[in-house]
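Numbers here simply count residues along the sequence, with the first being 1.
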Amino acid sequence: MGNITNSEQKSVTQVLEDIQIRGYATQEEAYQLINVQGTQLLELMRVASAFRDERKGNTVTYSRKVFIPLTNMCRNTCGYCTFVKDPSDPEAHIMAPSEVYSQLMRAEAMGCKEVLISLGERPELRYPLAKEKLKKLGYDKMLDYVYDICQLIIDKTSMIPHTNAGALKFKELKKLKDVNGSMGMMLESINPKLNAHEGCPDKLPVVRLNTLRYAGELQIPFTTGILIGIGESLKDRVDSMFAILDEHKKHQHIQEIIIQNFRSKKGTAMGNSPEPNIWDMVRSIAVCRLIFGKDVNIQAPPNLTPNIHQLFLLAGINDWGGISPLTPDFINPEKPWPHIWELHRICSELGFELRERLTVYPEYLIDSTYKREVFKSRIDHLIDETRLVRREMTV
Ligand SMILES: O=c1nc2n(C[C@H](O)[C@H](O)[C@H](O)CO)c3cc(O)ccc3cc-2c(=O)[nH]1
Ligand SMILES: C[C@H]1O[C@@H](n2cnc3c(N)ncnc32)[C@H](O)[C@@H]1O
Ligand code: SF4
């Protein structure tokens, strides 16, 4: 790790000047910046903020969404997750199409434009009971059901699906691409040895990185990110960001990076693990901004750390992600969304303007191979509604 008192190293001020001139940070520079303190931290935040301002102006966005937790059964057992339920748990479920449908109707009436489908990964491969429940709905594989639910959303509503089904194979992504505006999966961390991910085949970094690569090859506008505070080192944080950058450089498809803080929950393997502090978040956001440069969209969830939203703005985010007027964050249900008017106030106090956006960022609709005519007209219509500035849309 970079040691800021090492006489052979450039000063933080010098490093930040170099980054400003070049327009992005190198890996060595990021190692040096990920742990800065005091005034140097303020300098880091100033440069990260300036990068954000240069391309995003004072606009900060959010997506008005409804969350559909299609199933909470999962073949993984992440040490931080309370969303996952064992099939023997009375709360374990697969949502029936009629349940999904009635939520969709409510969401549309409330002005939601994104449907976030988020679910446990491949439960049918681990649990006979999950397989049986799925069979009753007429499916062998959970992902085939996901496809049909996305199709239902397209057919019956004006909302746009965004699926986060975790690690997926090329063929699975290829199929889901046609029925999603954008898709997502958190890398979590590049470190393959975290206790948090013991016994989680889908959390192996190589498997997650493959998913990022396939999504790139398929030109799917993709949301990914890292979890802060699950046992990774500071170096791991930087390395995770560079692993994402490598994939993005190949295919320019990463529409958004989420810097998400681990929240410790009773009853989980990590129930007694310490949570990251706000400065871990601030440094990670600012360093991420400097690594990825001015164009990238950086999101930090507004419900996982109440009361310090303005620090995230000063660290360089330009997005709050999905906020729902209807459903809780099922992954962190004990953390309510701030009211949208409250977020408006928080942003405007610092001179930022909060605007609604769609699940897919308009500048990422650049793939002329999209055969998804349905999304083009829908997105045109919704963009008018959200007052979003259309930036060089080519479709
Ligand atoms: O409510 C949530 N939304 C999550 N979202 C949705 C996010 O807030 C936005 O609504 C979408 O990414 C659209 O930009 C994710 C999306 C991804 O693609 C990958 C991971 C997440 C994680 C969360 C999450 O933990 N909670
Ligand atoms: C959908 C995403 O939610 C995140 N996730 C799951 N559990 C937690 C938690 N306790 N705290 C913060 N984020 C969490 C993971 O990063 C996953 O990829
Ligand atoms: S975080 Fe996702 S993959 Fe991990 S146990 Fe929960 S639902 Fe499964």
Side-chain angles (χ1 to χ4, degrees), residues 67-95 116-130 133 142 164-167 184-205 207-208 211 223-234 236-237 240 258-281 284 299-308 321-322 324 327-338:
F67 195 141
I68 303 290
L70 206 54
T71 183
N72 54 8
M73 292 180 282
C74 180
R75 73 160 168 173
N76 304 311
T77 49
C78 301
Y80 42 74
C81 182
T82 47
F83 175 82
V84 67
K85 297 284 180 283
D86 187 274
S88 60
D89 189 315
E91 281 181 45
H93 72 269
I94 302 176
M95 284 175 84
L116 168 64
I117 299 150
S118 198
L119 55 140
E121 304 185 33
R122 305 178 200 279
E124 70 277 13
L125 295 187
R126 178 162 176 188
Y127 301 113
L129 205 67
K133 282 190 180 175
M142 195 63 210
N164 172 11
M185 174 214 66
M186 299 282 274
L187 169 62
E188 317 292 10
S189 176
I190 196 68
N191 184 334
K193 296 204 168 103
L194 297 173
N195 289 337
H197 291 152
E198 221 185 296
C200 302
D202 299 300
K203 296 277 162 142
L204 280 171
V207 174
R208 307 293 263 190
T211 302
T223 295
T224 188
I226 61 175
L227 253 186
I228 303 289
I230 50 171
E232 81 288 2
S233 68
L234 293 177
D236 291 338
R237 281 178 204 164
S240 302
I258 303 177
I259 306 289
Q260 181 144 321
N261 49 314
F262 155 67
R263 296 301 317 246
S264 167
K265 291 158 201 216
K266 279 201 197 92
T268 61
M270 294 183 74
N272 293 320
S273 301
E275 295 180 338
N277 67 42
I278 54 176
W279 305 111
D280 286 319
M281 282 296 284
S284 302
Q299 181 209 130
N303 60 321
L304 294 188
T305 348
N307 305 326
I308 59 146
S324 182
T327 43
D329 176 352
F330 281 100
I331 300 163
N332 304 281
E334 67 287 2
K335 309 283 176 217
W337 304 112

So does [Y] get a backbone contact from the side chain of [X], meaning a donor-acceptor N/O pair under 3.5 Å?
X      : Y      : answer
Asn72  : Glu91  : yes
Ser264 : Met270 : yes
Ser240 : Ile226 : no
Trp337 : Thr327 : yes
Asn277 : Asp280 : yes
Thr224 : Met185 : yes
Asn261 : Ile228 : no
Gln260 : Ile258 : no
Arg263 : Leu304 : yes

With a 4.0 Å cut-off, would you call [X] and [Y] a salt bridge?
X      : Y      : value
Asp202 : Arg75  : yes
Lys265 : Glu334 : yes
Arg208 : Glu121 : yes

Nearest non-hydrogen partners of [X] and [Y], listed with the distance:
X      : Y      : value
Ile94  : Ala130 : CD1-O, 4.0 Å
Asn164 : Gly184 : OD1-O, 3.1 Å
Pro302 : Pro338 : CB-CG, 3.9 Å
Ala167 : Val207 : CB-CG1, 3.7 Å
Asp329 : Phe67  : OD1-CE1, 4.0 Å

Going from [atom1] on [X] to [atom2] on [Y], what distance comes out if it is rounded to the nearest 0.5 angstrom?
X      : Y      : atom1 : atom2 : result
Ser273 : Phe262 : OG    : CZ    : 5.0 Å
Ser88  : Tyr127 : OG    : OH    : 8.5 Å
His93  : Lys133 : NE2   : NZ    : 9.0 Å
Phe83  : Cys74  : CZ    : SG    : 8.5 Å
Ile190 : Glu232 : CD1   : CD    : 12.0 Å
Lys193 : Asn195 : NZ    : CG    : 12.0 Å

Identified side chain to side chain contact (heavy atoms under 4.5 Å, CB included) partner of Ile331 from the options Ser118, Pro69, Pro301
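Testing each of Ser118, Pro69, Pro301 against Ile331, the sole residue satisfying side chain to side chain contact (heavy atoms under 4.5 Å, CB included) is Ser118.
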Do the side chains of [Y] and [X] get nearer than 4.5 Å, heavy atoms only?
X      : Y      : answer
Met142 : Leu119 : yes
Met95  : Thr71  : no
Pro336 : Asn303 : no
Val84  : Thr77  : no

Taking Lys203 as the fixed residue, which of Glu198, Glu188, His197 is the one that meets the side chain to side chain donor-acceptor pair (under 3.5 Å) rule?
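Of the listed options, the one satisfying the test is Glu188.
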Pair Asn191-Ser189, side-chain donor/acceptor within less than 3.5 Å
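Side chains of Asn191 and Ser189: no pair found under 3.5 Å.
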